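First up is the structure itself, then whatever we jot down about it.
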Amino acid sequence: MGWSISDVHDTTPQNAGRSRVGGGYEAAVRRIWRHAEPGSPDASAVLRALVHDATLAPSSHNTQCWRFRLEDSAITLLPDAQRRCPVVDPDDHHLFVSLGCAAESLVHSALAHGWLCEPVFHGGADPSLRLALLPTVALRTPLFEAIPHRQTTRADFDAQPLSTEELKLLEAAGSGPGVQVHLLTGRQAIEAVGEFVVEANTAQLRNQAFVAELRHWIRFNGREAVRTGDGLFSACTGNPGLPTWLGRALFPLVLSERKENERYTRQIRSSAGIAVFVSQRDDQRHWIEAGRAFQRFALQATALGVRTSHLNQPVEVAPIRAGFARFLGVAGGRPDLVIRFGRGPVMPRSLRRPVDAVLV
Ligand SMILES: Cc1cc2nc3c(=O)[nH]c(=O)nc-3n(C[C@H](O)[C@H](O)[C@H](O)COP(=O)(O)O)c2cc1C
């Protein structure tokens with residue numbers, strides 16, 4: 001997924017994220033992007049603080065496709081079927097990856113509050129992920145500290161390589177049970193991924209249903225972003241605010257295949273490398289593990305001052321995904337996510353719905 005109103009768009013480091021948005025947006029950012037302090041030792045206040053941290057995780061189109069059920073000493077994560085994206089994500093792969101991202105943040109947040117937990121997946125007709133909380137010594141890890149600072153940074157990076165030490169830390173963070181991360185740092189390999197991105201992005205932009213679904217999740221101004229607390233806020237991509245009616249009318253008209261592809265190519269070339277997450281098996285359990293591995297990777301990157309951004313087009317268009325898997329030398333598994341990384345500017349933050357909106 002990617003878009004920009006390209007004629008007015010500028011994500012160069014000197015311009016990224018400078019202007020005031022208004023509509024209550026700045027206050028919402030300050031309220032959302034911090035660790036929640038439970039305020040009281042009351043168990044339910046602590047559980048709500050953990051849920052808040054979990055909701056700061058990334059989700060496809062910022063749908064926040066998760067719900068949380070609180071018990072005395074357990075939290076269960078459930079998919080929110082109302083927030084599916086049937087066009088870009090027909091098999092709910094991204095939905096389960098997003099659940100995995102939230103679960104991973106919850107694990108780190110729980111530890112910081114003195115609870116040990118390991119997510120257990122229950123499949124079947126009503127899949128869920130249960131995290132039983134066991135008391136332990138509280139530990140604030142660098143990954144926990146990174147939770148309110150992580151963002152998807154849709155800007156140019158500085159094209160500088162990372163050190164071997166940094167790459168090792170990212171590789172360790174991005175691997176998990178049944179999930180492997182492939183780090184591509186050679187220019188030839190990065191260019192080859194760029195060609196897959198352009199081919200898949202072109203296919204997506206020619207699909208009217210894809211464009212309509214994307215438009216449904218775009219928030220064209222600060223007021224709309226604050227009102228819904230979800231979706232893709234235009235400022236996060238470096239676009240100016242527009243009245244909702246105007247943004248919705250202009251969106252399909254200003255999406256330019258050529259400019260989008262040029263922008264992706266430039267952004268890929270500005271990156272230090274590309275990480276591809278691959279599940280050994282193509283099922284919900286592994287998609288959740290891929291989400292957990294990606295979230296560890298993103299938090300580790302944040303802790304190092306390294307930014308991450310998605311280039312998932314080659315894994316979203318099924319016929320291209322098969323060729324992409326062959327390019328990676330993957331047989332039998334599924335390439336889940338394609339992430340570029342490097343150093344770059346901070347972009348405006350995306351928003352979240354309040355904890356009460358995600359509790360069942
Ligand atoms: C499974 C998954 C797929 C995603 N795909 C894309 C993508 O293709 N393009 C993109 O720009 N962002 C993508 N994102 C990033 C989300 O749009 C982003 O997490 C969300 O808007 C919230 O913003 P934040 O990560 O800055 O908190 C994806 C995130 C997840 C978890």
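Remember, it's 1-based here, ligands and their atoms both numbered in the order they're listed. Excluded from the calculations below are hydrogen atoms, water molecules and symmetry mates; all remaining heavy atoms, backbone and side chain alike, are included. Quick caveat, the model's predicted, so the values are computed rather than measured. When a residue number appears, it is its place in the shown sequence, counting from 1.
- At a threshold of 4.0 Å, the pair R248-E224 does not count as salt-bridged, since none of the basic side-chain nitrogens sits closer than that to a carboxylate oxygen.
- Those atoms of ligand 1 with a heavy atom of S59 less than 4.0 angstrom away are 16 (C), 17 (O), 18 (C), 19 (O), 20 (C), 29 (C), 30 (C), 31 (C).
- Just one residue in the list H35, H108, R34 forms a side-chain hydrogen bond (donor to acceptor under 3.5 Å, both in side chains) with D53, and that residue is H35.
- Within the 4.0 Å heavy-atom criterion, the part of E316 lying near ligand 1 is the side chain and not the backbone.
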Apply side-chain contact (heavy atoms from CB on, under 4.5 Å) to residues V179 and R292 and explain how you reach the verdict. CA-CA 9 Å; V179 181; R292 293 189 62 190; over 6 Å; no
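- Distances below 4.0 Å separate heavy atoms of Q151 from the following atoms of ligand 1: 26 (O).
- F297 has its side chain out of reach of L337: every pair of non-hydrogen atoms, C-beta onward, lies at least 4.5 Å apart.
- Looking at R154 against ligand 1, only its side chain comes within 4.0 Å, counting heavy atoms.
- Remark: ligand 1 atoms within the under-4.0 Å shell around heavy atoms of P58 are 19 (O), 25 (O), 31 (C).
- Salt bridge absent: D282 and R321 never bring a charged side-chain N and a carboxylate O closer than 4.0 Å.
- Considering both main-chain and side-chain atoms, S350 comes within under 3.5 Å of ligand 1 through a nitrogen or oxygen pair.
- Across the listed options L56, N312, T63, N312 owns the non-hydrogen atom lying nearest to atom 3 (C) of ligand 1.
- A ring pair (Phe, Tyr, Trp, His ring centres under 6.0 Å) with H310 holds for exactly one of F277, Y264, F294; it is F294.
- Close contacts of ligand 1 with W33, meaning ligand atoms under 4.0 Å from a residue heavy atom, involve 27 (O).
- Between R352 and ligand 1, a contact under 3.5 Å exists for at least one N or O pair.
- In L232, the part holding a heavy atom less than 4.0 Å from any atom of ligand 1 is the side chain.
- Taking distance alone, with nitrogen or oxygen atoms compared against 3.5 Å, S60 stays at or beyond that limit from ligand 1.
- Residues T237 and N239 bring no donor and acceptor atom of their side chains to less than 3.5 Å of each other.
- A salt bridge does not link D283 with R334: none of the charged nitrogens is closer than 4.0 Å to a carboxylate oxygen.
- Residue contact check: T152 has heavy atoms under 4.0 Å from atoms 15 (C), 18 (C), 19 (O), 24 (P), 25 (O), 26 (O) of ligand 1.
- Residue contact check: R150 has heavy atoms under 4.0 Å from atoms 24 (P), 25 (O), 27 (O) of ligand 1.
- By the 4.0 Å N-to-carboxylate-O rule, E260 lies close enough to R263 to be salt-bridged with it.
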